[in-house]
Amino acid sequence: MSPAFFLYKLLGALVVPPGLLCLLLALTSAAAWRRPRRPALAATLGALALGVYVLSCPFGERLVTAPLEDRVRPSLPEGDAPAAVVVLGGGVRYDERGEPTLPGAYTLERLVTAAEVARDRGWPLFCCGGRVQGGTGGSEGDLMARVLRSWNPGVAVTAETGSRTTWENLVRVGALLQERHIRRVVLVTSTFHMPRSLASARRLLPGLEVHPWPAGRLTDRAPLGAADYLPLSLNASVLGLREWVGLGAYEVFGRFRRSGESR
């Protein structure tokens, strides 16, 4: 990257959040060191500026998301064993009435991955997602099923339409799988979302053989460059941190539950 282009990228990063926020925090911290000095305030603002900077840089995103996305290895049932593909919703776009009209980026990524593995093996698909925004029309699961049928009109798709969270996704689809005597499941969701989803699936779907098949990655595997140290976005870090917190909460909840059952 040429110095001129790097300067162009740097200026672009510093005139909008989160780069602008980092700059303002750093300047305010420096001002707090001037008389009358307020070292506690200056240190707090400086630490906050550094934290926001690291989390908003691509290199900082990797520190959060790479260990998360590398926790689970993809797997599929061996041989010709029958199975079903369960794809979890990842957000949709709504119209002015609150009705889902287009799959969001993460949902679309998951649908492509699920469609490929189901097509290659001839497995049925289950789409999970309710009406998170309310409304009286279709659900996220309905929209996902319509998209899959538009790609392959002959595919076997079942929509689970009553859930709002990952936990509810798995509880409700588990009932559908049990009705159809399906014992093997290929779970499809975003790679950053897979550790928490897989832990939940193995807890909520006892007796089922659950195989993770993650879709996409937040973590870029390319070598780091100069632009990777610019504060560009907090999105990936926030998603990763939320998943880490969720994993911790599930672990604590599981320990309390096991402790209660042992008494």
Side-chain angles (χ1 to χ4, degrees), residues 58 61 65-66 68-69 72 74 76 83-135 137-170 172-173 176 185-198 200-201 210-222 232-240 242-243 246:
E61 292 176 355
T65 60
L68 181 72
E69 294 189 313
V72 176
L76 292 173
V85 180
V86 173
V87 53
L88 306 183
V92 295
R93 299 291 178 263
Y94 296 89
D95 62 17
E96 63 278 1
R97 298 170 298 170
E99 304 301 330
T101 56
L102 293 170
Y106 295 124
T107 298
L108 188 60
E109 195 171 54
R110 298 174 190 185
L111 288 175
V112 170
T113 301
E116 288 176 348
V117 69
R119 179 198 61 206
D120 294 341
R121 300 297 187 96
W123 291 331
L125 286 140
F126 290 78
C127 301
C128 302
R131 301 180 181 89
V132 178
Q133 299 291 337
S139 66
E140 184 175 9
D142 289 322
L143 176 61
M144 294 164 67
R146 288 202 305 272
V147 171
L148 289 169
R149 292 189 185 105
S150 71
W151 295 343
N152 181 3
V155 69
V157 184
T158 300
E160 180 283 305
T161 62
S163 59
R164 299 161 298 174
T165 66
T166 301
W167 194 274
E168 292 180 1
N169 286 163
L170 295 167
R172 291 179 178 272
V173 80
L176 296 176
V185 173
V186 176
L187 182 65
V188 177
T189 188
S190 300
T191 308
F192 70 86
H193 187 235
M194 183 59 79
R196 181 163 60 93
S197 301
L198 183 61
S200 300
V210 182
H211 294 265
W213 197 250
R217 285 181 66 88
L218 289 176
T219 309
D220 195 339
R221 295 186 183 276
L232 302 175
S233 173
L234 285 165
N235 181 61
S237 292
V238 170
L239 285 173
R242 185 174 67 179
E243 291 303 315

For the side chain of Arg149 and the backbone of Val157, is there at least one donor-acceptor N/O pair under 3.5 Å apart?
-> yes

State whether a side-chain donor-acceptor pair under 3.5 Å links Ser163 with Asn169.
-> yes

Give, for atom CG of Leu234 and atom CG of Leu239, the distance between the pair rounded to the nearest 0.5 Å.
-> 10.5 Å

Which atoms form the tightest heavy-atom contact between Val173 and Glu160, and what is the distance?
-> N-CG, 4.1 Å

In short, Leu76 meets His211 closest at the heavy-atom pair C-ND1, 3.6 Å

Sequence neighbours excluded, which residues qualify as salt bridge (Lys or Arg N to Asp or Glu O under 4.0 Å) partners of Glu61?
-> none

Atom pair CG (Leu187) and CG (Leu88), whose distance is rounded to the nearest 0.5 Å | 5.0 Å

Report yes or no: does Thr107 contribute a side-chain atom to a donor-acceptor pair with the main-chain N or O of Gly90 at less than 3.5 Å?
-> yes

Nearest non-hydrogen partners of Leu143 and Pro103, listed with the distance = CD2-N, 3.7 Å

With a 4.5 Å heavy-atom cut-off, do Val112 and Trp151 have their side chains touching?
-> yes

In Å, rounded to the nearest 0.5 Å, how long is the span from OG1 of Thr191 to CZ of Arg110?
-> 9.5 Å

Closest non-hydrogen atoms of Tyr106 and Ser190, given as atom of the first, atom of the second and distance, are CB-OG, 3.9 Å

Considering only heavy atoms from C-beta outward, does the side chain of Val186 approach that of Trp123 to under 4.5 Å?
-> yes

Interatomic spacing from CZ in Arg131 to CG in Asp142 - rounded to 0.5 Å | 6.5 Å

Heavy-atom side-chain proximity of Thr158 to Leu176 below 4.5 angstrom = yes

To the nearest 0.5 Å, tell me how far Leu111 CG sits from Leu148 CG.
-> 5.0 Å

Hey, is the main chain of Gly91 close enough, under 3.5 Å, to the side chain of Glu140 for a donor-acceptor pair?
-> yes

Distance-only, no hydrogens or angles: does the Glu109 side chain make a donor-acceptor pair with backbone N or O of Ala105 under 3.5 Å?
-> no

From CG (Leu218) to CG (Leu68), nearest 0.5 Å | 8.5 Å

Should Val188 and Val85 count as side-chain neighbours, where that means a heavy-atom distance under 4.5 Å?
-> yes

Does Ser233 reach the main-chain N or O of Asn235 with its side chain, forming a donor-acceptor pair under 3.5 Å?
-> yes

Pairing residues for Glu116 by the salt bridge (Lys or Arg N to Asp or Glu O under 4.0 Å) criterion, not counting sequence neighbours | none

Closest heavy-atom pair and its distance - Ala145, Ala159 | CB-CB, 4.2 Å

Determine which pairs satisfy side chain to side chain donor-acceptor pair (under 3.5 Å) with at least one residue from residues 212-222, sequence neighbours left out, and list them in order.
-> Thr65-Thr219, Glu69-Thr219, Asp70-Arg217

Determine, step by step, whether His193 and Thr166 satisfy the side-chain contact (heavy atoms from CB on, under 4.5 Å) criterion, reporting the C-alpha distance in whole Å, the side-chain angles of both residues, the deciding distance to 0.1 Å, and the verdict.
-> CA-CA 10 Å; His193 187 235; Thr166 301; 3.0 Å; yes

Does Ser150 reach the main-chain N or O of Val147 with its side chain, forming a donor-acceptor pair under 3.5 Å?
-> yes

For Ala114 against Val87, the heavy-atom pair lying closest together = CB-CB, 4.0 Å

Any donor-acceptor pair under 3.5 Å linking the side chain of Arg172 with the backbone of Gly162?
-> yes

